[in-house]
> 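Mind having a look at this structure? Questions to follow.
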Number of protein chains: 2
Amino acid sequence: MSGPRTPEPALDGQGASPAGSQDEDMADGIQRSHRMLSFSDALLSIIATVMILPVTHTEISPEQEFDKSVQKLLATRIAVYLMTFLIVTVAWAAHTRLFQVVGKIDDTLALLNLACMMTITFLPFTFSLMVAFPEAPLGILLFCVCVMAVGAVQALIVVYAFHFPHLLSPQIEHSAHRALYRQHILGIILRGPALCLAAAGFSLFFYPVSYLLMATVIFLPYVSKAAGWCRARLAGPREPPAHSLEIFTFDLHEPLSKERVEAFSDGVYAIVATLLILDICEDNVPDSKDVKEKFHGSLVAALGASGPHFLAYFGSFATVGLLWFAHHSLFLHIRKATQPMGLLNTLSLAFVGGLPLAYQQTSAFARRPHDELESVRVSCAIIFFASIFQFAIWTTALLQEGETLQPSARFGGQEHAFMFAKLVLYPCASLLAFACTCVLSRFSTAIFHIMQIAVPFAFLLLRLLVRLALAGLRGLRGLRGLARPARARPVPGALDDARSPLLPAPC
Amino acid sequence: MSGPRTPEPALDGQGASPAGSQDEDMADGIQRSHRMLSFSDALLSIIATVMILPVTHTEISPEQEFDKSVQKLLATRIAVYLMTFLIVTVAWAAHTRLFQVVGKIDDTLALLNLACMMTITFLPFTFSLMVAFPEAPLGILLFCVCVMAVGAVQALIVVYAFHFPHLLSPQIEHSAHRALYRQHILGIILRGPALCLAAAGFSLFFYPVSYLLMATVIFLPYVSKAAGWCRARLAGPREPPAHSLEIFTFDLHEPLSKERVEAFSDGVYAIVATLLILDICEDNVPDSKDVKEKFHGSLVAALGASGPHFLAYFGSFATVGLLWFAHHSLFLHIRKATQPMGLLNTLSLAFVGGLPLAYQQTSAFARRPHDELESVRVSCAIIFFASIFQFAIWTTALLQEGETLQPSARFGGQEHAFMFAKLVLYPCASLLAFACTCVLSRFSTAIFHIMQIAVPFAFLLLRLLVRLALAGLRGLRGLRGLARPARARPVPGALDDARSPLLPAPC
């Protein structure tokens, strides 16, 4: 069900039997697609995230107040970032589904995929143009042309793959309804471009309709996903109609391949963690003239002046790294990623992408102390949302735990309490830091840095802490049990049912 | 031999037997390491590549000549980029070998790995500092502290993994000489930090010795690899001494894991391809005031003014994409990556990382026409070197083809001619473009753009072209055979032996 991406078998003999069929394939120029897919994942995750850089590079001079014009510039850039992130994740999801249908590739498909990627990388520019000139039809036209080009390339991929059915995933290759599949898939692929064609038409005489249509293209998948999920929870899973039962691999309501969700998320975390070092290297190497004049030739003093930047960098890297760690631990226990989980993951990643902004903010307050409080609060909020959406993935998974989670992570499983603690650490820490800044507003920076430094150690000690807490809980219950042995003997099935398997194993 | 990274088995049943042992492991907090390794690969490849940005952001105003100060700045930044690239690839190779020994991870190891990554990301800054202040001991000290910290964390990882032997790769876990292994591995890991400690000491009173020691740390692995390979080619493979026969997984002369070479390369290609869109989005969205004043409100005219930038972007993306495509095709036919292949791959990637520079150069000549010729030539040279090193990987692999290549790609295999043509396309095209600029220097830009546009189509037509060429060759030989049937009947074993399997299969 989760797509045809079986890993390549290890080749040990020169002409051994496992290598035989693969080599036969390769002789016809047919290749397994896993490396192309990871490359596409890397490209798309970088494009989605990199548009945060114009936001963080918005320069506010020390004298200048945080006035209207700066606010407007910042707001438009954040809008470009969010729109890019959303449209790229939509494109990524479509790409994932497409290559769940197309199981193998050849050179032509690999080149078509590159063309598709090139068109997608151009989307951020069209957004920048739209935001800078909202009333000119050119930005809208360019966006629509891009989406149509992507649609055309994807349609070409589908037509090509159905023309050479050995490229398709085995389920479809051996199906009797292949022509039906092709039509169905082409219909889904060309829906977005068709809407964009209409948007391009409207842009020439009444542009607000174009924006409406474009918003439909971007948000429809999310809205339809969310609506479908709510309906399923309210009314129970609906009966699929008889003949569409087979069209599962391209249905928007099917789970995404877990490997690709992981690969995309890894890309986002990796690029966010490393964007920061760029700023450090570009901005914080002191000028040799400055060192001589301002710091009397003392390099240490010059570096000390930008000390808060380094602290903020390490804190920020630690935060991104640990959020990745929580994500990693979570997905270790997940068997498949359903649609609402994918949506929550996207939202979490969008906030993770905002973390360089948090870095910029916290490192900027060295210069403008009166904005310090604001900056720390914005940072706490970004961290809180990034982590709370991770927690939401977990709770959503628990709703259908039989299907989505490994046994050890389910209610009552051995790892359940640890998982819970790992995911709840950052929301709690950021909330606590936020609350502290409200009470002790003068020490907000110190509070924030203490949080950033303390959390990694908390992660290291987590297993110990959870064990201690549970042992304490058991001890407490044991004491209560001793105090009133006859009145309230713990019922094995009620409270204990949820708690006792969480108790630590004898060390 | 190629390390313990077996892919995770697919989980299909809720408590099915393949899931059993994995879930058991997970209950103890032990995890397979593949996702952490891909994340590390992504991080390291981005850090290695991202330092090209300060080079490309070197601003040269239109009035300013390409004078001494700019040249010096550019040279130092290129030096920082190359040094960062080399040290990060050394660190990456060490990381790969380390996790060929440590087969599984738990939370502690994952967090230690994050700490290791954080320290490595700080290395580019120490380089920037060293280049800006070559005579101050601070840069050297910081670099040495970083390397020592990385070494300490890696030593901790080794000690921890040997303390819980179930984390080790099975070969070492079940070996009788485990203590010996530990000592040997720790010795290799702590060699670099020890040299750096000496360098830090010397930096305080005689800094040139420090640079010598640091260069040893950076280049020693490469020099020793190259020397070892030359010795092996000249004197044949040497007999390994009796008891070190088992210490193969950490020997510097062992092949790297092919998956990790691919993942690292993918990261570099992906980040290089997407760095370009950043520049486009930041620099080429026209200012609304400019549009009104300079272009009489015509957005199209304003965008047309930066038209060459867009052309250069698409050309550059196509080049990176197709170089990735060639790399992908090449590694599909490779079974394992030996040490000289890894070295050549690193060199190729270092030039690929320079491609944004080529983009910047070619898009800058719109402003400064007198530098046009220079820029086009630099771009051609970068593309040539990036592709010729790929070709060198292929020739090196052919030297030991039984060990390193799939049967279909060897001499006489069905894919051999296609592979050769794919890898030779870019070196030839860039050389041709370079030669053309020497003859027709006035049209150098046009020549370069024609090359960038023509090569993708050449790739698409390659299979057809190779078939046609071979059919032509066969036809020619057939004609000659007809002309002199008795005198020179083709000997089946001599020339034909190398050629005939390359002939096209009947279409």
Side-chain angles (χ1 to χ4, degrees), chain A residues 7 11 14-15 23 26-27 29 31 35-36 38-39 42-43 46-47 50-51 53-54 107 110-111 114 118 121 124-125 128-129 132-133 136 138 262 266-267 269-271 273-274 277-278 280-282 285 288 299-300 314 317-318 321 324-325 328 332 335 402 406-408 414-415 459-460 463, chain B residues 7 11 14-15 23 26-27 31 35-36 38-39 42-43 46-47 50-51 53-54 107-108 110-111 114 118 121 124-125 128-129 132-133 136 138 262 266-267 269-271 273-274 277-278 280-282 285 288 299-300 314 317-318 321 324-325 328 332 335 402 406-408 414-415 459-460 463:
Chain A
L11 307 170
Q14 291 207 5
D23 204 62
M26 231 184 287
Q31 309 137 14
R35 191 178 162 196
M36 193 194 72
S38 351
F39 182 64
L43 268 181
I46 294 174
I47 302 161
V50 102
M51 290 310 296
L53 271 191
D107 284 2
L111 290 171
L114 278 179
M118 181 155 87
T121 54
F125 178 72
S128 308
L129 213 59
F133 301 93
L138 191 66
E262 287 183 354
D266 280 355
Y269 284 107
I271 186 86
T274 38
I277 196 63
L278 245 190
I280 286 277
C281 287
E282 282 201 81
V285 178
S288 55
L299 190 56
V300 180
F314 283 116
F317 189 100
W324 174 82
F325 177 69
H328 165 79
L332 269 180
R335 292 171 160 223
Q406 304 280 358
S408 65
Q414 224 177 332
E415 289 286 302
F459 266 104
L460 264 178
R463 201 162 274 268
Chain B
L11 307 170
Q14 291 208 5
D23 204 63
M26 229 184 288
Q31 308 137 15
R35 191 177 162 198
M36 192 194 74
S38 349
F39 182 65
L43 268 180
I46 294 173
I47 301 161
V50 102
M51 290 311 296
L53 271 190
D107 284 1
T108 314
L111 290 170
L114 278 178
M118 181 155 87
T121 55
F125 177 73
S128 309
L129 213 59
F133 302 92
L138 191 67
E262 287 183 354
D266 280 355
Y269 284 106
I271 186 86
T274 38
I277 197 64
L278 244 189
I280 286 276
C281 287
E282 282 203 81
V285 177
S288 55
L299 189 56
V300 180
F314 283 117
F317 189 99
W324 174 82
F325 176 69
H328 166 79
L332 268 180
R335 290 171 160 223
Q406 304 281 359
S408 65
Q414 224 177 330
E415 289 286 303
F459 266 105
L460 264 179
R463 201 162 275 267

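All values reported here derive from a predicted model rather than from experimental measurement. Chain naming here is simple, since letters A, B, ... match the order of the sequence lines and numbering starts at 1 in each.
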> Quick one: pull up CD1 in B:I271 and CG in A:L43 and give me the separation to the nearest 0.5 Å.
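Here the rounded value is 9.5 Å.
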> Among B:F317, B:F125, B:F39, who wins on heavy-atom pairs under 4.5 Å with chain A?
B:F39
> Check whether any side-chain heavy atom of B:W324 lies under 4.5 Å from a side-chain heavy atom of A:M36, and answer yes or no.
yes
> Name the option with the most non-hydrogen atom pairs under 4.5 Å to chain B; the candidates are A:I47, A:T121, A:L114, A:L138.
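Highest number of pairs under 4.5 Å: A:T121.
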> Would you compute the distance between atom NE2 of B:H328 and atom CG of A:D107 and round it to the nearest 0.5 angstrom?
7.5 Å
> Please find the pair of heavy atoms, one from A:R35 and one from B:D266, that lie closest to each other, and give the distance.
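Reported closest heavy-atom pair: NH2-OD1, 2.8 Å.
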> Looking at B:L129, B:L111, B:L460, which makes the most heavy-atom pairs under 4.5 Å with chain A?
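Of B:L129, B:L111, B:L460, B:L111 has the most heavy-atom pairs under 4.5 Å with chain A.
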